[in-house]
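Note that ligands are numbered from 1 as they come in the structure, with each ligand's atoms numbered from 1 the same way.
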Amino acid sequence: MKDILTAPYLVDLVRTLTNMYAHGWDERNGGNVSVLLHEADLADYLDLDHVIREIPTGFAAPELEGCCFLVTGTGKYFKNVQYDPANNLGIVRLIDGGKTAQLLWGYSDGGKFTSEFPAHMMSHVARMKVDPENRVVMHCHPANLLAMTYVHDLDEIKFTRTLWQMCTECIVVFPDGVNVVPWMLCGTNEIGEATAKKMETARLVVWSQHGIYGAGKDLDETFGLIETAEKAAEIYMKIAHLPLVNTITDAQMHELEARFGVKARPGYLA
Ligand code: 2HA
Ligand code: ZN
């Protein structure tokens, strides 16, 4: 057996979580990330017949039967993950139609997956239907996106258009825009269901007055997606109180669509 700490997905996740913390997106135990793994990804590293313990999930997700996930632990701090991955992360396999998680590795102090596990698993189901390559769901608390939810209209078209107008590359990076969930109690199946519904039409979902969810095929892509939206929100928070003299027009957005071969979400541009 190879050492799981050398598995590319584990190395990649530890680096990404460390970077998310460095960006200030994950104070204290803020944020959570899940990565879909197949048994074939794990076979060289773990005895898949050895289940450490079983943890009830509190929801059903029959689409994920037999899927394995590398997931951040509840109450754990991203800043600490690099020093003790086996305590702060875990690998689980879903069985019983998603109602039970079999722990295959990690959560070594007796812990379990993030409190936002329902939102993660339901979002994986939603994104897989749109993009079979999707493997990552990422949640964090970037300050400028959060700030924007206090001062900007939460209408999804308006919110998306503002972000697109803040940096030229935004429409290229997230042509499907940003969906918005109003303030809801976090950690519940209800916010999980609401997030997953919004994930059907966009890879970015803002949780008002809380943070953001991103989804993508790998950690780099998903990190980059959130990074780009957060950069746009930062520009917005720098200029929102100043007289607006220039912007990126819808005609220029259409030029970007043509140049980069992307299609803006229907109805979002004039
Ligand atoms: O895990 O970010 O939304 C801490 C959180 C909950
Ligand atoms: Zn959060």
Side-chain angles (χ1 to χ4, degrees), residues 13-14 16-35 55-59 61 69-92 101 103 106-127 136-150 154 159 178-199 202-216 219 222-223 225-227 229-230 233-234:
L13 180 61
V14 171
T16 301
L17 296 171
T18 303
N19 199 13
M20 290 174 76
Y21 176 72
H23 275 64
W25 299 349
D26 299 279
E27 73 291 342
R28 201 173 180 272
N29 63 319
N32 25 77
V33 179
S34 59
V35 183
I55 311 169
T57 66
F59 59 85
F69 290 91
L70 172 59
V71 195
T72 52
T74 184
K76 298 297 193 272
Y77 293 21
F78 281 17
K79 77 182 177 68
N80 296 336
V81 176
Q82 62 177 320
Y83 307 110
D84 194 357
N87 189 29
N88 293 292
L89 307 175
I91 294 175
V92 295
L103 181 63
Y107 307 142
S108 60
D109 66 357
K112 65 176 206 169
F113 38 75
T114 168
S115 59
E116 305 297 357
F117 200 55
H120 277 256
M121 295 302 107
M122 294 174 195
S123 293
H124 276 284
V125 172
R127 284 314 302 172
V136 174
V137 172
M138 181 180 284
H139 166 64
C140 55
H141 306 157
N144 293 288
L145 279 163
L146 237 152
M148 209 172 140
T149 68
Y150 287 87
L154 296 178
F159 203 92
V178 173
N179 285 343
V180 181
V181 171
W183 189 93
M184 288 179 75
L185 188 61
C186 51
T188 61
N189 288 352
E190 288 71 25
I191 199 169
E193 283 155 16
T195 307
K197 184 90 197 105
K198 297 288 186 186
M199 280 279 178
R203 292 175 300 150
L204 285 169
V205 178
V206 166
W207 277 10
S208 302
Q209 295 81 48
H210 182 135
I212 191 160
Y213 268 76
L219 285 160
T222 315
F223 182 97
L225 193 59
I226 292 177
E227 187 180 30
E230 168 62 2
E234 182 180 357

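Scanning all protein heavy atoms for the shortest distance to atom 4 (C) of ligand 1 gives Asn29 O, 3.2 Å. Asn32 ND2, 3.5 Å is the protein heavy atom nearest to atom 5 (C) of ligand 1. Closest to atom 3 (O) of ligand 1, if we only count protein heavy atoms, is Glu116 OE2, 2.6 Å.
For His210, the N/O/S atom at the shortest distance from the Zn ion (ligand 2) is named NE2.
Atoms of ligand 1 found under 4.0 Å from any heavy atom of His139, numbered from 1 in the order shown, are 2 (O), 3 (O). Close approach of ligand 1 to Gly31 is summarised as follows: ligand atoms under 4.0 Å from at least one heavy atom of the residue are 1 (O), 2 (O), 4 (C), 5 (C).
Contact check for Pro142 versus Ile212: side-chain heavy atoms found under the 4.5 Å cut-off.
Classification of Lys76 and Asp109 as a salt-bridged pair holds, one side-chain N sitting under 4.0 Å from a carboxylate O.
With a 6.0 Å radius and a threshold of 12 heavy atoms from other residues, nucleotides or ligands, Lys112 has its NZ atom at or below the threshold.
Between Phe69 and His124, the distance separating the two ring centers is shorter than 6.0 angstrom.
The side chain to side chain contact (heavy atoms under 4.5 Å, CB included) test with Phe117 singles out one residue from Asn189, Thr74, Asn32, Val92, and that residue is Val92.
For Thr114, no nitrogen or oxygen atom sits less than 3.5 Å from a nitrogen or oxygen atom of ligand 1, counting backbone and side chain alike.
Using a distance-only test at 3.5 Å, with no hydrogens or angles considered, a donor-acceptor pair links the side chain of Glu230 to the main chain of Asn144.
Metal site remark for the Zn ion (ligand 2): His139 contributes an N, O or S atom at a distance under 2.8 Å.
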